[in-house]
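Below, chain A is the first sequence line, B the second, and so on; all start at residue 1.
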Amino acid sequence: MFPEVAHELPLLQNLNPEQKAAVTLPNEHALILAGAGSGKTRVLTTRIAWLLSTGQISPGGVLAVTFTNKAAKEMMTRLGAMLPVNVRGMWIGTFHGLCNRFLRAHYKLANLPQSFQILDTQDQLSAIKRLMKQFNVDEERFPAKQTQWFISGNKEEGLRPNMVEVRSDEDRKKVEIYQLYEDQCNREGVVDFGELMLRSYELLRDNDPIREHYQRRFRHILVDEFQDTNKLQYAWLKMLAGPESSVLAVGDDDQSIYAFRGARVGNMADFVREFEVKHQIKLEQNYRSFSNILDSANELIAHNKTRLGKNLRTDQGPGEPVRVYEAPTDLAEAQWMVEEMRHLVRGDGPEGSMERKEIAVLYRSNAQSRVIETALFNAAVPYRVYGGLRFFERAEIKNALAYLRVLENPNDDTSFLRVVNFPPRGIGARSIEQLQDAARVAGCSLHDAVSATTGKAGANIGAFVAKIDVLRERTAGLTLREIIEQVLQESGLVDHYKAEREGADRVENLEELVNAAESFVTQEGFGRDAVALPIDEHGTMLRQSPASQGLDPSLPEVILRHAQDDRTAPDYVPPDAETGETLSPLAAFLTHAALESGDNQAQAGQDAVQLMTVHSAKGLEFDCVFITGLEEGLFPSERSMTEYEGLEEERRLMYVAITRARKRLYLSYSQTRLLHGQTRYNVKSRFFDELPEGALKWLTPKNQNFGGSAFGYGSGYPSTRTSNYSRDTTPSFANPAVPVQKAAPAHGLRAGMKVFHTKFGEGTVLSIEGLGDDARAQVNFPRHGIKWLALSVAKLTPVT
DNA sequence: CCGCCAGCTGTTTTT
DNA sequence: CAGCTGGCGG
């Protein structure tokens with residue numbers, strides 16, 4: 001089948017010209033600049049479906065990579081709905097998930113045990129702490145957190161210890177720790193997230209047959225959220241893309257909000273240059289929001305200097321104006337919001353009632369959720385907070401997993417230490433230290449060092465190890481469910497939490513772990529996350545029986561034909577090519593737990609208002625969105641304001657926030673906010689000055705001061721108490737010039753003001769605290785940095 | 001060895 | 001304000 005025919009495929013119906021162009025691109029590198037709400041995921045999945053159904057590629061030739069499991073799952077679901085193809089056999093997954101799959105397949109070449117386990121961020125930190133203690137590294141000078149950041153940062157740059165540039169003694173020490181950490185991980189047979197990526201990259205780089213095989217295999221590489229890729233991920237993609245491959249990168253530079261964790265928007269420009277990209281398509285048609293919302297987003301983001309350039313448009317009308325609200329306090333802001341929501345849900349607004357789950361409250365930092373939660377709770381409005389600990393990160397779950405990991409791999413010292421005295425069994429720091437010394441001398445794991453330890457100190461530990469070893473023997477041959485049940489019992493975890501006053505939830509979670517394992521086995525089919533390729537270490541593919549290729553028999557003939565040629569698209573766990581050894585269900589489940597940390601909160605099904613940070617809202621959409629705390633120092637955040645780059649990222653963050661809304665958008669801020677136990681006086685965010693006045697509707701007068709005047713809830717509905725202002729609903733509402741009635745503090749300073757100091761020169765007020773003689777201002781002086789100044793002493797004069 | 005209390009430190013997050 | 005960590009006392 002050829003493109004002319006393909007154009008008639010039902011797949012391509014209802015795509016706009018740009019989308020269609022993107023979906024049917026020739027097999028060459030391409031960059032799709034996909035604006036918010038422009039149907040990005042649809043284009044990606046349709047592209048894959050189109051390639052498959054026109055016979056241009058077989059399922060095994062596709063590699064599609066995302067950042068989150070959620071995105072990967074969505075892609076597979078949507079693809080599965082479009083084509084009767086077994087999506088599990090394709091390489092669709094997260095960067096780390098795919099690297100895991102790759103390393104499992106080539107564990108020998110990667111120098112890893114077949115059942116290597118993955119350290120999450122917590123595990124990594126405790127491994128580093130342990131190591132630093134052991135080597136007497138001064139934790140004052142080298143905080144473990146900072147060391148962790150150093151190590152992961154370098155891995156993400158693709159740098160091994162010997163490649164890190166050393167510019168000071170401190171650097172030298174850090175590199176030394178980095179090296180020791182690597183040795184420790186290798187000894188224990190564990191890898192961290194960065195290692196999954198880095199080792200995959202190096203294996204591809206250093207092994208020609210392997211690289212060439214995968215390059216030949218993956219003729220189509222599709223990358224989602226390309227603007228979020230870091231240096232190593234980019235290098236990895238470059239390594240996988242062969243002369244015959246075409247890379248389709250989809251991204252939006254305006255939605256790059258993860259620079260703080262190593263994402264390089266510059267990868268987009270590099271990609272265009274280094275891959276000699278021939279096709280660049282902009283998806284600017286937005287299917288999500290009304291134009292008042294979209295115009296606001298467009299005008300705001302236009303204030304950024306470094307952009308590839310893109311403007312969203314919509315066919316929908318202006319819709320409602322963007323409502324702006326100023327509150328005297330953070331509590332008042334929250335209460336107003338709750339009141340507003342009740343109207344929306346009750347349905348006395350213009351467009352009928354709204355579901356609670358279609359209302360989202362966004363904020364810059366998690367700390368802001370507290371006041372809002374209080375207000376919602378008091379008003380008995382159901383709500384759900386995103387963020388916080390995910391299922392597999394909870395302490396009780398991590399403890400259970402640690403037992404399981406020690407069963408699977410006795411050399412996993414991190415896990416060993418986590419549970420050696422939990423539940424408490426009389427093993428103290430003293431005995432553990434002894435054990436660690438013994439292990440270091442013998443150059444073995446803690447587990448193996450036990451037999452060498454003698455005396456009283458060793459007795460308890462000996463009992464522990466014996467218990468683990470017995471458990472390992474006894475659970476051999478049992479199902480995953482049975483293994484976990486046994487471990488939960490025999491470890492004493494369940495009993496321990498049952499005895500605890502508030503342990504009921506934890507016991508429940510442990511039971512939930514059994515369920516999770518059960519559904520992992522039945523639904524997922526164990527080990528499917530760890531499908532290895534039937535290829536030997538010379539890069540020779542091993543032939544599979546067609547029946548085992550996991551293909552739906554109802555597939556279009558053309559796909560089947562291709563699939564039969566493709567010997568590397570199985571959907572089951574292939575054994576090791578030499579020994580026939582395969583990953584145990586337990587090891588597979590542990591991998592799953594590390595790579596997919598699970599949902600973060602229960603009661604997902606309930607119709608509840610959604611609370612989350614702007615970051616976690618990325619990729620989601622809601623009928624109604626409240627963006628709260630739009631204050632200088634909060635959003636944009638204080639820390640970002642010193643550098644221009646930082647401010648641009650804050651602006652992109654705001655852009656992401658605005659574009660989450662479909663129908664209704666509220667922006668609010670408060671003059672006063674309780675932060676770190678102190679009242680802070682804030683001014684409204686500069687972002688307000690960057691929005692189109694015509695699209696906004698101020699529910700409170702601009703710059704209103706709340707010095708005692710009666711303050712009504714400006715809900716915008718005629719039926720409720722309103723302020724005297726802004727009752728009309730026309731989108732092009734021009735704000736009347738309201739006289740600024742200021743009861744300004746004696747010093748007359750506000751955050752955001754430029755001031756002059758006789759010694760430090762000109763600076764910007766970041767915040768003001770305290771009243772009267774206690775009043776202090778935090779001022780950022782370009783020359784001298786950020787200073788706190790007592791206003792009764794320092795003479796600051798405003799600069800105009 | 002366990003529990004308590006003082007002191008500190010507070011963006012954003014996925015894997 | 002609050003949650004967490006680490007140090008110290010029982």
### Query
Which parts of nucleotides 4-13 of chain B does protein reach within less than 4.0 Å, heavy atoms only, written one letter per nucleotide 5' to 3' as B for base, S for sugar-phosphate only and - for none?
------BBBB

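- Residue A:Asn421 places at least one side-chain N or O closer than 4.0 Å to OP1 or OP2 of B:dC2.
- Between the NZ atom of A:Lys155 and the C1' atom of B:dT15 there is a distance of 13 Å, rounded to whole Å.
- The shortest non-hydrogen separation linking A:Asp252 to A:Ala34 is CB-O, 3.2 Å.
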Polar atom pairs (N or O), protein with nucleotides 2-5 of chain C, under 3.5 Å:
| unit_1 | atom_1 | unit_2 | atom_2 | d |
| --- | --- | --- | --- | --- |
| C:dG3 | OP1 | A:Arg370 | NH2 | 3.3 |

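- Using a 4.5 Å heavy-atom threshold, the side chains of A:Thr628 and A:Tyr666 count as separate.
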### Query
Should A:Phe687 and A:Tyr669 be marked as a ring pair (Phe, Tyr, Trp, His ring centres under 6.0 Å) after you check the CA-CA gap, both sets of side-chain angles, and the distance that decides it?
CA-CA 11 Å; A:Phe687 295 149; A:Tyr669 61 98; over 10 Å; no

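- Taking CD from A:Gln114 and OH from A:Tyr107, the interatomic distance works out to 4.0 Å, rounded to the nearest 0.5 Å.
- A distance-only check finds a donor-acceptor pair linking the side chain of A:His615 to the backbone of A:Ile257 [under 3.5 Å].
- Applying the 4.0 Å criterion to OP1 and OP2 of B:dT15, one finds that A:Asn69 has a side-chain N or O inside that range.
- With 3.5 Å as the limit, one finds a donor-acceptor pair spanning the side chains of A:Arg651 and A:Asn304.
- As a whole-Å value, the separation of A:Phe102 CZ from B:dT15 C1' is 18 Å.
- In terms of position on DNA chain B, the residue among A:Gly426 and A:Phe193 whose nearest nucleotide sits closer to the 5' end is A:Gly426.
- Straight-line distance from the CG atom of A:Leu595 to the C1' atom of B:dT15: 7 Å, rounded to whole Å.
- Qualifying salt bridge (charged side-chain N to carboxylate O under 4.0 Å, His left out) partners for A:Arg160, counting only residues two or more places apart in sequence or in other chains: A:Glu182, A:Glu195, A:Glu202.
- Classification of A:Arg394 and A:Asp505 as a salt-bridged pair fails, no side-chain N sitting under 4.0 Å from a carboxylate O.
- Aromatic ring pairs are classed by plane angle as parallel below 30°, tilted from 30° to 60° and perpendicular above 60°; the pair A:Tyr497 and A:Phe422 is tilted.
- One atom, NE2 of A:His496, and another, C1' of B:dC2, lie 11 Å apart when rounded to the nearest Å.
- Rounded to an integer number of Å, the gap from CE of A:Met612 to P of B:dT14 is 12 Å.
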